[in-house]
Number of protein chains: 2
Amino acid sequence: MRGVTRSAQGRGELTPMESRILRAAVRLFAEKGFDATTVQEIVDAAEVTKGALYHYFDAKDDLLFEIYHSLISSQMADLDRIIALRLSAADTVRAILVNLVETTASRVDEAAVFTREMHKLNADRMAAFRADRRRYHETFREVIDRAQTAGELGTVVPADTAVLIALGVVNQLPTWYRPDGPKSPQQLGTEIADFVLAALSA
Amino acid sequence: MRGVTRSAQGRGELTPMESRILRAAVRLFAEKGFDATTVQEIVDAAEVTKGALYHYFDAKDDLLFEIYHSLISSQMADLDRIIALRLSAADTVRAILVNLVETTASRVDEAAVFTREMHKLNADRMAAFRADRRRYHETFREVIDRAQTAGELGTVVPADTAVLIALGVVNQLPTWYRPDGPKSPQQLGTEIADFVLAALSA
DNA sequence: GGTACAATACCGACCAGTTGGTATGCAGCA
DNA sequence: TGCTGCATACCAACTGGTCGGTATTGTACC
């Protein structure tokens, strides 16, 4: 069972104990970083014992991977769902961005951990992650690309750069977004989508 | 001399030994992260001894701070220089972004370490950093704000959000920028500036 | 110009504390 | 009686940082 989290087998079928541990881990990782967080701190925060943790997870790294995994699967599923709606290019871009901003906002800790610690994935998992990301980027880029070719969107900025910029903004969001801030996630999503679409209309 | 790096006294007056150590530290921090990098690894990479390192720096943390410090001072100085040119709003925005992209690209490792590990600053240094960042944001925001009021730029996107987006993109740059990629830093800077200005023109 | 003295620059073996992970035990359910 | 689900005690490896000591450079005085 090397290289695979025991719990990762059945998707979304986390036991109560697993999600309890993961919830504590995410909070601590987001607060202090992965390396600076002790396994002992995690089990204390989750009010379980080390034995319990290592009963469900093979290694500390697996906690990280579970966090990535659940976030990415959810994002990929959302993307596919949006694409399937077959909206206009502009509406698709808007839907993708609003959705991304909203899920990122509702799962800030996970998103923050993700962007800060993703380079700690081992080779295999990193490769899997890159593949997912590539697919996400490509899908997004094609939406813009086709719209540009069809004259629906402007061509001032190349599609690939636009994707990098748009997704970069979202990835950076956990750094400055505060749930108690003046703007709701929905409003932020709208503003960011407005921004990107305004740029792409030129 | 608590809380202050010995070498931070005289700005930019790093001894050869200090920059040698810092150069190795930056590379390793960028590659594996701060916590995952051992002091021993740093001194090995720099081909010095632990004694030498602790002769010039009080603690491992001070290495991080020196990296931040040199990067931030340089960025703040650049900003002031650009503002002093008293260009038009659009040209100022462009100049800031192109400059930021170029310096970030030429110092990717430092920038990457910075965005990933800044939360490890202690309270004092964090406060100082926040003050600097606030000033940077405010300055940038005012440029946009005044231009919007004067009708020189559109008002579709609020100035504060625009700043967050623009700087977010730059902060995310180290994640995907590759020196051997197809686009030069200058070209990237131009494209990003085009993007932001196109959005702001709406 | 040489000698005594001192400050600076650096060395590397060592330490106390911490860390991720394990081995073993035990209760309850089938 | 055995198996799952956890608890407890423990360990070997590693980490940042220290400390006594040495080499090198600078300085003041004869």
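None of these values were measured; they are calculated from a predicted model. Chain identifiers are assigned alphabetically (A, B, ...) following the order of the sequence lines, protein sequences preceding nucleic acid strands; residue numbering begins at 1 within each chain.
Straight-line distance from the CG atom of A:D44 to the C1' atom of D:dT8: 14 Å, rounded to whole Å. Taking atom CD1 on A:I21 and atom P on D:dG5, their separation rounds to 13 Å, with Å as the unit. What separates CG of A:L63 from C1' of C:dG20 is a distance of 12 Å, to the nearest Å. Atom C1' of nucleotide C:dT19 and atom CG of A:L53 are separated by 14 Å, given to the nearest angstrom. Atom NE2 of B:H55 is separated from atom C1' of D:dT25 by 13 Å (rounded to the nearest Å).
Contacts of B:S184 classified as side-chain hydrogen bond (donor to acceptor under 3.5 Å, both in side chains), with partners at least two apart in sequence or in another chain: none. Scored by the side-chain hydrogen bond (donor to acceptor under 3.5 Å, both in side chains) test, A:Q75 finds no partners at all (sequence neighbours excluded). For B:A162, the side-chain contact (heavy atoms from CB on, under 4.5 Å) test picks out A:F195, B:I144, B:V157, B:L200, with sequence neighbours left out. Residues satisfying the side-chain contact (heavy atoms from CB on, under 4.5 Å) test with B:V108, not counting sequence neighbours, are B:P174, B:Y177. Looking at residues two or more places apart in sequence or on another chain, you find a side-chain hydrogen bond (donor to acceptor under 3.5 Å, both in side chains) between B:D80 and B:R135.
Proximity of a side-chain donor or acceptor of B:R116 to a complementary backbone N or O of B:A30 within less than 3.5 Å is detected.
Remark: DNA chain C takes part in the stems C:1-30 with D:1-30, each of 3 or more antiparallel Watson-Crick or G-U pairs, criterion distances under 3.5 Å.
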Go along nucleotides 12-21 of chain D 5' to 3' and tag each nucleotide: B for a protein heavy atom under 4.0 Å from its base, S when only backbone or sugar atoms are that close, - otherwise. ---SBBB---

Pairs of donor and acceptor atoms involving the side chains of residues 95-103 of chain B, under 3.5 Å and at least two apart or interchain, shall be tabulated with distances.
{"from": "B:N99", "atom 1": "ND2", "to": "B:D78", "atom 2": "OD2", "distance (Å)": "3.2"}
{"from": "B:T103", "atom 1": "OG1", "to": "B:N99", "atom 2": "O", "distance (Å)": "3.3"}
{"from": "B:T103", "atom 1": "OG1", "to": "B:L100", "atom 2": "O", "distance (Å)": "3.2"}

In a table with atom names and distances, give each donor-acceptor pair under 3.5 Å that connects a side chain of residues 41-50 of chain A to protein atoms at least two apart or in another chain.
{"from": "A:E41", "atom 1": "OE1", "to": "A:K32", "atom 2": "NZ", "distance (Å)": "3.2"}
{"from": "A:E41", "atom 1": "OE1", "to": "A:T38", "atom 2": "N", "distance (Å)": "2.9"}
{"from": "A:E41", "atom 1": "OE2", "to": "A:K32", "atom 2": "NZ", "distance (Å)": "2.8"}
{"from": "A:D44", "atom 1": "OD1", "to": "A:Q40", "atom 2": "NE2", "distance (Å)": "3.1"}
{"from": "A:T49", "atom 1": "OG1", "to": "A:A52", "atom 2": "N", "distance (Å)": "3.4"}

